[in-house]
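Please read all numbers here as calculations on a predicted model, not as lab measurements.
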Amino acid sequence: MGENKSLIKKDSSNTNNGYESLPLSYSPNDTNLILSNTHKNLKNTDNSASNNDNNGENDGNNERESSKTPLLQSLQDSYLFKTSKKKSSFLYQNIQKIWTYFPDDDTTNKNILAWFIYLISSEPFIVSIISTYMPIILETFATLNAVKVKDHSKPCIDDFSLVFQDKNDKCVLPIAGMWYVDPSSFALYVFSTSVFFQTILVISISGLVDNFNNTIAFKKKVMFFFGILGAACTILISLLYNSEFYSLAVLCIVSNCCYGVVNVLGNSLLPVILNSAIDTNHQEQGKKINELTTVISGKGTSLGYLSALLVQIICIGLIKKTSVAKPTMTNNLKSLKIAIFFVGLYWIITQIPILFLLNDVKKPDEEETEQQKMTLNIMKTNVVKSWKTLGQTIIHASSLKQVSIFLVGWFVISDSITTINSTAILFSKNELHMNTINLVFVSVSSLIFAIIGAFFIPSFLIHKFSLPLNKLMLVIIIWACFIPLYGILGFVFENIGLKHKFEMYFLAVWYGLSMGALNAVSRSIFALIIPSGRESIFFSIFNITDKGSSIVGPVLTGLIIDKTHQIRYSFILLLLFLVLALPIFNSLNVEEGKEEAQKEALFLEQVI
């Protein structure tokens, strides 16, 4: 044995610095230590070689390469592979923490990841298509197919090389040869119609799902169906000929309806996911669900906004890439269609993982039960039941005075805030002649400052001035009044009052701050004045009020534009809506609403 050791020492003394022989007492655990030392030797050799001339350096490199035995080369490759694998594994573990809340429940963690993906997938549609591209493409299609106001036999656009329509050359779009509407009004009417059908569909489908099969697996199938249908309609919009304005209207309505279903079912998934993971019979665990819901919901909302922002930035790049030096109205429309196609494709691709990740949580002692098959009779029964439940809930909510005051006020203010967005986009395009890229920048600015407004403005006003919540609401409404008021100033002054493009960027920031703050404060107030344990029912009424108001405002604005053929007059209506909301919210008593909610919650506990 001693002879063998001496031989090894003798051989090792003749080897180059790049190789060290293995000791006889070698074990696999020593591999990393040996390779670490080897790497150090190679590094030192590299440093010394760098001081030599080029020929010497090449010779040194050849010597080191030849000194590597197959065994050492294999071990070095293994070491590098393990090191890189550890680094990538560490990175993945940090990313995985975003959706890992239950270390021993892989199914629930995947469900939370799927819920995040749902927001990442669908949020760009509402931000890009509904808020920005839909009003533009509807108005452009209507303009290209419109006729002169004074002579219905002449087309609105004589010269297709124009970039924008002449402000003084007013046009109307013939609907079924009997009804003539302004191109801007057409966009508003289609949006209002889409919200009307969306509300009906959402109430029917959500009630059907809740009453028939409230499992995660069933909701996933319904969400995926409407998600694919909505995304397909969005892609089809980009493939339409410029003369197919009827088809465009139908596709816009269907896609918005599909988004509404996906949005409502997606938002209702989070409580179901968490309830399936935690036994809610215990009060402490019930509190844990509330805390997790807040944290996960906040993360999901942030991811959704970031996704929407990323998609808008990519769309700006696509529009710039496809634009020409001297664009015409049809050139701008082609670039817009490419951006719409991308949003639809993004929606389809990003929702595919949801189909594989989202599943019911199976408990060990739970037996699989065969699900009842859907029939037309069952569908009809459950839809009717959902509408009856909604009616009973509305009657029940009307018995709470402060809740009723809030819902009436929110209907008025939400109507104005929602309509301001569409009106501003149309005004920017027609009156300020802003191109598509300018309009997308306006939308992005509003989105960014809406996030800032939601996080910082309410907390700043509360801590700085110690305002109660209803007074805080009044301050934000007065802040929002400046937007339509500034547009009205254009009737009086020649150089201010939305006369220049830069003014719209300024108002986009102002609008974003007010919209974000209003949404944050309104939900906080409403959560305080509703009975504990009935949050889902009352927030469904809140959402219906929010959606329902989006029907009235665009219709009234469209009628004003049809009568005057000037979008600026609609700012008067929007200002009146905001002013009307002030005395309503001034009469709101949050403390009294809390007392009503507590009494109602005690009464429901006794009855139930």
Side-chain angles (χ1 to χ4, degrees), residues 115 118 193-227 229-230 253-254 256-276 280-281 289 293 358 360-361 366 368-400 403-404 407 410-411 526 530-551 597 600-601 603-608:
W115 192 78
Y118 135 71
T193 305
S194 71
V195 174
F196 174 75
F197 285 109
Q198 184 195 74
T199 304
I200 294 174
L201 183 65
V202 164
I203 294 171
S204 302
I205 297 296
S206 59
L208 172 66
V209 171
D210 289 342
N211 296 322
F212 174 71
N213 189 344
N214 196 26
T215 61
I216 295 174
F218 185 70
K219 285 189 175 185
K220 173 183 70 175
K221 292 177 183 176
V222 177
M223 281 178 62
F224 190 75
F225 171 78
F226 281 99
L229 179 59
I253 292 169
V254 174
N256 197 22
C257 288
C258 290
Y259 168 78
V261 174
V262 172
N263 180 250
V264 170
L265 291 184
N267 288 340
S268 68
L269 263 178
L270 187 57
V272 177
I273 291 170
L274 296 179
N275 283 329
S276 62
T280 56
N281 292 328
I289 283 187
T293 302
L358 206 56
D360 287 314
V361 178
E366 185 179 7
E368 291 188 8
T369 56
E370 187 177 351
Q371 295 294 336
Q372 188 180 8
K373 291 184 178 181
M374 177 73 72
T375 62
L376 289 175
N377 189 37
I378 292 174
M379 187 182 297
K380 178 183 175 182
T381 302
N382 286 288
V383 169
V384 171
K385 184 179 178 181
S386 67
W387 280 93
K388 287 181 177 179
T389 304
L390 175 64
Q392 292 170 356
T393 306
I394 292 173
I395 294 170
H396 178 67
S398 63
S399 63
L400 300 173
V403 170
S404 301
L407 290 175
W410 182 247
F411 182 92
F526 194 64
I530 58 177
S532 177
R534 311 291 288 180
E535 291 87 358
S536 298
I537 295 173
F538 278 87
F539 265 103
S540 66
I541 300 174
F542 178 87
N543 290 330
I544 292 168
T545 304
D546 192 27
K547 296 293 183 185
S549 66
S550 301
I551 300 172
E600 185 69 17
F603 172 75
L604 290 173
E605 285 181 5
Q606 294 173 358
V607 171
I608 296 172

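Put simply, the side chain of I530 does not reach to within 4.5 Å of the side chain of L400, judged on heavy atoms. Side-chain contact check for I200 versus C257: every heavy-atom pair is 4.5 Å or farther apart. Counting only heavy atoms from C-beta outward, the side chains of F526 and L407 approach each other to under 4.5 Å. The shortest side-chain heavy-atom distance between V262 and F224 does not fall under the 4.5 Å cut-off. By the 4.5 Å heavy-atom criterion applied to side chains, K220 and L269 are not counted as neighbours. In this structure the side chain of F226 reaches within 4.5 angstrom of the side chain of I205, judged on heavy atoms.
Closest approach of I378 and N382 over heavy atoms only: O-ND2, 2.7 Å. Of all heavy-atom pairs spanning N256 and S194, the tightest one is ND2-OG, 2.9 Å.
A distance of 5.5 Å separates CD1 in I273 from CG in L358, rounded to the nearest 0.5 Å. Between the OG1 atom in T215 and the CG atom in D360 there is a gap of 4.5 Å [rounded to 0.5 Å]. Once rounded to the nearest 0.5 Å, the distance linking OG of S204 with CE of M379 reads 10.5 Å. Put simply, CD1 on I551 and CZ on F197 are 10.0 Å apart, with the number rounded to the nearest 0.5 Å.
Atom CZ of F196 has 12 or fewer neighbouring heavy atoms from other residues, nucleotides or ligands inside a 6.0 Å radius.
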Worked verdict on V202 versus L265 for side-chain contact (heavy atoms from CB on, under 4.5 Å): CA-CA 9 Å; V202 164; L265 291 184; over 6 Å; no
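Side chain of Y259 to backbone of V254: no donor-acceptor contact under 3.5 angstrom is found. For the pair W410 (side chain) and F542 (backbone), a donor-acceptor distance under 3.5 Å is absent.
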